[in-house]
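All figures in this text were calculated on a predicted structure; none of them were measured in a lab. Here is how names work: the chains are called A, B, and so on, in the same order as the sequence lines, proteins then strands, and each is numbered from 1.
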Protein chains: 2
Amino acid sequence: MGVSLKDIAERAGVSLATVSNVVNGYRPVGERSRQRVQRAIDELGYTPNLSARHLRRGRTGLIALAIPELTNPYFAELAEIAIREAGRHGYTLVMENTAAAYDAELSLLNGAQRHVIDGLIFGPVRVGRDEVLARTSDTPLVLIGEGVHDVPHDHIAIDNVAASRRAVQHLMELGRQRIAFIGARVGDESQAAHLRLRGYRAALTEAGLPYRPELVALTAGFGRHDGVRAMRNLLALDEPPDAVFGYNDLIAIGAVRAVLEAGLGVPADIAVVGIDDIEEGRFGTPTLTTIAPDKEKIAHLAVRRLVARIEGAAVTGPLALATPFRLVPRETTGFSSAAGTG
Amino acid sequence: MGVSLKDIAERAGVSLATVSNVVNGYRPVGERSRQRVQRAIDELGYTPNLSARHLRRGRTGLIALAIPELTNPYFAELAEIAIREAGRHGYTLVMENTAAAYDAELSLLNGAQRHVIDGLIFGPVRVGRDEVLARTSDTPLVLIGEGVHDVPHDHIAIDNVAASRRAVQHLMELGRQRIAFIGARVGDESQAAHLRLRGYRAALTEAGLPYRPELVALTAGFGRHDGVRAMRNLLALDEPPDAVFGYNDLIAIGAVRAVLEAGLGVPADIAVVGIDDIEEGRFGTPTLTTIAPDKEKIAHLAVRRLVARIEGAAVTGPLALATPFRLVPRETTGFSSAAGTG
DNA sequence: AGATGCCTCTATAACGTTATAGAAGCGCTC
DNA sequence: GAGCGCTTCTATAACGTTATAGAGGCATCT
């Protein structure tokens, strides 16, 4: 077993409590004692036993990030930032994969983590407003993404309607008229696809273009193959689209591949826009035009909000925070871009 | 605070120890008591306090996966599998990003985790054999990947020499003669690039082709932009290569992009092979020929080995395990492949 | 001088769990 | 009926930490 406070106390000839106070500064300690303790710590190589600390404090120092899948680069990039930020605040982040499964999301929401955690950052996909409202756990919760809205919890996300509208506007500025939407259906009543779909419709309406249901392809998942499959169906239409707005970059990338596989050109025949600005989109051919959310900001805000809640700090301002985004035009909409730029 | 053993004991009218025995079956408990306790648990909704359990048991139930970056899809895919497998064994996996930094790797190796962990799965990049041999921590350790070899620790990886040889052989079977290698240099004395470089050289030698140092481009990192930059340099040669073997898929994808950006064709002018078989390679255009390691097997073995060591089970067989791999021919070497296949 | 206050420091009781030693009850043998 | 062994249970001491109550020393004020 390792070196404990007791060993340090004996070595330094002071009480246990004094050592504890040197270590975590709860009470002031005189200069002479402090130095003696510090020397003993250095000599014996003391590191606090976190299990004991957490038992005593009632906190574990663990926060969970629950996301559908780590293999979606958007979430991997977000997770990487969140891990760093959590570390900066003295917390360790554990990943909880929901695999976009309703049951997994529900039990996570209600506190069935593998480890006891102090707080949860949650990007819901299947679970809706009702489930969040009916939550039984009282662990602090910060929501991210477009899954659930209008609940009494902190919520960090871009303005999905505005972002989608911007993406579709971009396509219309190129003169495209038959613009398709490929997006994940998350359950009929869910708001997720709705927001991006709503932005899509809003943009069309504002421009005086008709909304054509046959150009809206809902998918089962959020991956590249979902985009491929949906695009193949759209290409089989009597009048295929001349542009596609994808729910996210992965779907957009799948759509691009399906178009190219069909022998058509991107953007010559069909222009494509996604959302997320994953690095992959900056290196494929053609490079992918996208809406870039500020991932740093999202992750930072989510972690900080959560930590503030955990530590009981007063959080001022509104619960829901809209983070900035910007349009990054690249080759799939006819803008040149050297690899890795934008 | 939550419900504790004590609450259950009072409710069921038995001692604390009996409740504990019902919960974790250390000692047999009579049928009548067991039922009373079980009912009390169900009624009060007891979940054990893991901090206390870990304090008492001296274990935390946490294992760490230390990898250079989560944004490398290979590691994200590996991590996702490892998280699941760890969960299956009752452990929670925490991610430790080394960012491929020497200091971070060294301190991780020597037990400077943010949280107390029971074991470590480590994919070293900067740190070498010497550092692993000189390790001061005695937390169980399982190495993965090609970073360090010949140390007295469990080690799971593909046979990198054989895999690289296979990749280069594939290029030669297409009739390519000037085959370049783009790979990460991990420090001069490191064995990482050496193994894959060694396989590359072995394949050339076996085929009677000369080894040309100017066709070996070493990179600083493992990302797409490293591949782009290196490829641009290779294209600037008087006699550019007609094929490229990339250290991993990301580098290969960067190389492809650089070739296309230069107005050349893949594979018409330059064929490309990578290693990792990340999903991205199955949806880009052209799709990427690659060496596919068995990621499931790597992650499963690593977790199981580690858990066995932690729990003191006897591990038979050799320390180092070579996991299988296979060549997946796709468009970058002239083989057709529909999106997502292979 | 006595009261008051401020610094330091210490002793100790938790936090919730598990492992150990042993008590109680009961049936069996001699 | 004493002795023994078995099963079932209990009391209790840790595990290493932190928060609370308060003791002791010394200066300052009334």
Side-chain angles (χ1 to χ4, degrees), chain A residues 1-38 40-41 44-62 90 111 113-118 310-312, chain B residues 1-38 40-41 44-62 90 111 113-118 310-312:
Chain A
M1 203 54 9
V3 182
S4 76
L5 279 188
K6 202 170 134 194
D7 303 322
I8 304 295
E10 278 169 13
R11 176 97 167 203
V14 298
S15 80
L16 239 150
T18 299
V19 180
S20 173
N21 283 330
V22 169
V23 171
N24 67 94
Y26 174 70
R27 284 272 162 111
V29 173
E31 194 48 36
R32 232 182 37 199
S33 300
R34 151 163 283 118
Q35 285 184 4
R36 282 236 297 274
V37 169
Q38 193 56 58
I41 287 177
L44 297 180
Y46 167 78
T47 55
N49 178 319
L50 296 178
S51 293
R53 172 175 290 175
H54 297 148
L55 169 60
R56 182 59 236 244
R57 284 196 182 155
R59 293 215 229 107
T60 62
L62 246 39
Q113 280 78 21
R114 275 191 295 269
H115 235 84
V116 174
I117 57 165
D118 294 340
I310 292 170
E311 298 178 353
Chain B
M1 204 47 16
V3 182
S4 77
L5 280 188
K6 201 168 133 195
D7 302 323
I8 304 295
E10 277 169 12
R11 174 98 167 202
V14 297
S15 81
L16 239 152
T18 299
V19 180
S20 173
N21 284 329
V22 169
V23 171
N24 68 95
Y26 174 70
R27 283 273 163 109
V29 173
E31 194 47 38
R32 232 184 35 200
S33 299
R34 150 162 286 116
Q35 285 184 3
R36 281 237 297 274
V37 168
Q38 194 55 57
I41 287 177
L44 296 180
Y46 166 77
T47 55
N49 178 319
L50 296 178
S51 293
R53 171 175 289 176
H54 297 149
L55 169 61
R56 182 60 237 243
R57 284 195 180 154
R59 292 214 230 109
T60 62
L62 246 38
Q113 281 76 22
R114 275 191 295 266
H115 236 85
V116 174
I117 56 164
D118 295 338
I310 292 170
E311 298 179 353

Rounded to whole Å, the CG-C1' distance (B:L5 to C:dA19) equals 13 Å
A:K6 NZ to C:dT12 P, in whole Å, measures 14 Å
Which part of the nucleic acid does B:S33 contact within heavy-atom distance under 4.0 Å: base, sugar-phosphate only, or nothing?
-> sugar-phosphate
Show the numbers, then the answer: is there a side-chain contact (heavy atoms from CB on, under 4.5 Å) between A:V23 and A:R53?
-> CA-CA 12 Å; A:V23 171; A:R53 172 175 290 175; 3.9 Å; yes
Would you be so kind as to tabulate the donor-acceptor pairs closer than 3.5 Å made by side chains of residues 12-21 of chain B, with sequence neighbours excluded?
{"residue": "B:S15", "atom": "OG", "partner": "B:A17", "partner atom": "N", "Å": "3.3"}
{"residue": "B:S15", "atom": "OG", "partner": "B:T18", "partner atom": "N", "Å": "3.3"}
{"residue": "B:S15", "atom": "OG", "partner": "B:T18", "partner atom": "OG1", "Å": "3.3"}
{"residue": "B:S20", "atom": "OG", "partner": "B:N24", "partner atom": "ND2", "Å": "3.2"}
{"residue": "B:N21", "atom": "OD1", "partner": "B:R27", "partner atom": "N", "Å": "3.4"}
{"residue": "B:N21", "atom": "ND2", "partner": "B:A17", "partner atom": "O", "Å": "3.3"}

Heavy atoms under 4.0 Å, any strand shown: does B:V23 hit a base, just sugar-phosphate, or nothing?
-> nothing
Measure from CG on B:L55 to P on C:dA19 and round the result to the nearest Å.
-> 12 Å
Does B:N49 place a side-chain N or O at less than 4.0 Å from the phosphate oxygens OP1/OP2 of C:dC15?
-> no
Mind listing the N/O atom pairs, protein and nucleotides 21-28 of chain D, below 3.5 Å?
none

D:dT8 C1' sits how many Å from B:R36 CZ, rounded?
-> 13 Å
Roughly how far apart are B:T60 OG1 and B:D118 CG, rounded to 0.5 Å?
-> 3.5 Å
Does the side chain of A:S4 come within less than 4.5 Å of A:N49's, by heavy atoms?
-> no
In whole angstrom, what separates B:Q35's CD from D:dT8's P?
-> 14 Å
Do A:R56 side-chain and D:dA19 base share a donor-acceptor contact under 3.5 Å?
-> no
Whole Å only: how far is the CZ atom of A:R57 from the C1' atom of D:dT20?
-> 16 Å
Does a side-chain heavy-atom distance below 4.5 Å link A:Q38 with A:I41?
-> yes
Calculate, to the nearest 0.5 Å, the distance between atoms CZ and CZ belonging to B:R36 and B:R32 respectively.
-> 6.5 Å
Which heavy atom of A:H54 sits nearest a heavy atom of A:R59, and at what distance?
-> CB-O, 2.6 Å
Which of residues 14-21 of chain A have a heavy atom under 4.0 Å from DNA chain D?
-> A:L16, A:A17, A:S20
Given atom CD of B:E10 and atom C1' of D:dA11, what is their separation to the nearest angstrom?
-> 15 Å
Where is the tightest heavy-atom contact between B:V3 and B:Y46, given as atom of each residue plus distance?
-> O-CD1, 3.3 Å
Could you state the CZ-C1' distance from A:R32 to C:dT8, rounded to the nearest angstrom?
-> 11 Å
With nearest nucleotides of DNA chain D determined for B:A52 and B:E31 from heavy-atom distances, which residue corresponds to the more 5′ nucleotide?
-> B:E31
To the nearest 0.5 angstrom, please state how far the CG atom of A:L55 sits from the CG atom of B:L55.
-> 6.0 Å
